[in-house]
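Single-structure report; data block below.
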Amino acid sequence: MQFMAFDSGSYTRGAARRDDGVDYDVFRRQPLSPEGLRCLRHLCDLCHPHDLLAAPAHAEHTDTAILTRWINEKDWHREVLAKVLTAHTIPTDTPPVTAAPGKIGRRGPARWALRHGVNGDDATAIRMTWGAINEWMTHSCYHRLVLREEHPVLTDLLHRVTSLEMRHAAYYAGRAHDRLAHSARARRLTRFALRHFWAPAAAARMPRVETSHLMRYLLADEAGWQEIRQLDDRIERLPGLAGLGLVRRALRRHGVVDPSTRRA
């Protein structure tokens, strides 16, 4: 599988897309559904760069400039989503909005590698693979929220956000592929870490009920499962990850069952 090339030079020189000209008062006249707003609160919390700040930036000579740019973009993503929530009179002044007390920062690829004595290129392989999966998962959630809500302004905003998210994913995936392809040990450790410790982004620091709601509302129908099958297929094309079924297993842990299984 060919992964999207990432040009770090043009990326760090370019300007992030902004939300100029957006009329957020539209949401007061045409609000999102209560279920969609609950998902949006959860997704807003994903824009806090906890894992980016915990990552060892010195591992890649390009990381410092790129991660600085990403933190700025994540902050803008949260600002955009917070404006939508504010238009619905949902307070967002105490981030993270829905975080479970005491859970922030307990999980993540950098901390997992440190705890288990994994370092160097092996730790980088885990961090890059984990990051790519989280970016792909977040993109899928944004895409499904657009389809569920069918709100023109939300659609435009999330398309702007996801255009940046997919560049983040391209960076992670390209470097993950390179490291996994060149090291059997990295493939083995990365597969082990994902299988036993990965959870959907923010699940470790969110109340379980919030993660379960997000998955049920966005992914529990046939179209949602088709999105997840495609995501798992993308993950499994990374070296050493064939047959992992990572995201499908995560959905089942939250009580979301494949509709095709129910029909059988």
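Sequential numbering from 1 along the given sequence is applied to the chain's residues.
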Would [X] and [Y] pass as an ion pair if we require N to O under 4.0 Å?
{"X": "R38", "Y": "E210", "value": "yes"}
{"X": "E236", "Y": "R248", "value": "yes"}
{"X": "R144", "Y": "D221", "value": "yes"}
{"X": "E165", "Y": "K74", "value": "yes"}

Inset, instruction - Tell me, please, whether Y217 has R148 positioned over its six-membered ring: NZ or CZ under 6.0 Å from the ring centre and within 45 degrees of its axis? - result: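 Relative to the ring axis of Y217, which defines the angle, R148 lies inside both limits.
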Inset, instruction - Indicate whether the side chain of S260 and that of E222 have a donor and an acceptor atom separated by less than 3.5 Å. - result: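 On atom types as modelled, these side chains do not qualify, holding no pair under 3.5 Å.
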Inset, instruction - Determine whether the side chains of E35 and H213 contain a donor N or O and an acceptor N or O closer than 3.5 Å. - result: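 No, no side-chain donor-acceptor pair sits under 3.5 Å.
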Legend entry - Reference residue D233; test side chain to side chain donor-acceptor pair (under 3.5 Å); the match among R229, Q230, R237: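 That would be R237; it is the only one of R229, Q230, R237 passing the side chain to side chain donor-acceptor pair (under 3.5 Å) with D233.
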Legend entry - Any R216 side-chain heavy atom under 4.5 Å of H254 side chain: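 No, every pair of side-chain atoms sits at 4.5 Å or beyond.
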Inset, instruction - Return the orientation label for the H88 and F27 ring planes: parallel under 30°, perpendicular over 60°, tilted otherwise. - result: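 It falls in the tilted class, 30° to 60°.
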Inset, instruction - Assess whether atom CZ of R249 is packed by more than 12 heavy atoms of other residues, nucleotides or ligands within 6.0 Å. - result: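 More than 12 within 6.0 Å, yes.
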Legend entry - H168/Y172 under ring pair (Phe, Tyr, Trp, His ring centres under 6.0 Å): CA gap, chis, key distance, verdict: CA-CA 6 Å; H168 300 174; Y172 278 130; 7.8 Å; no
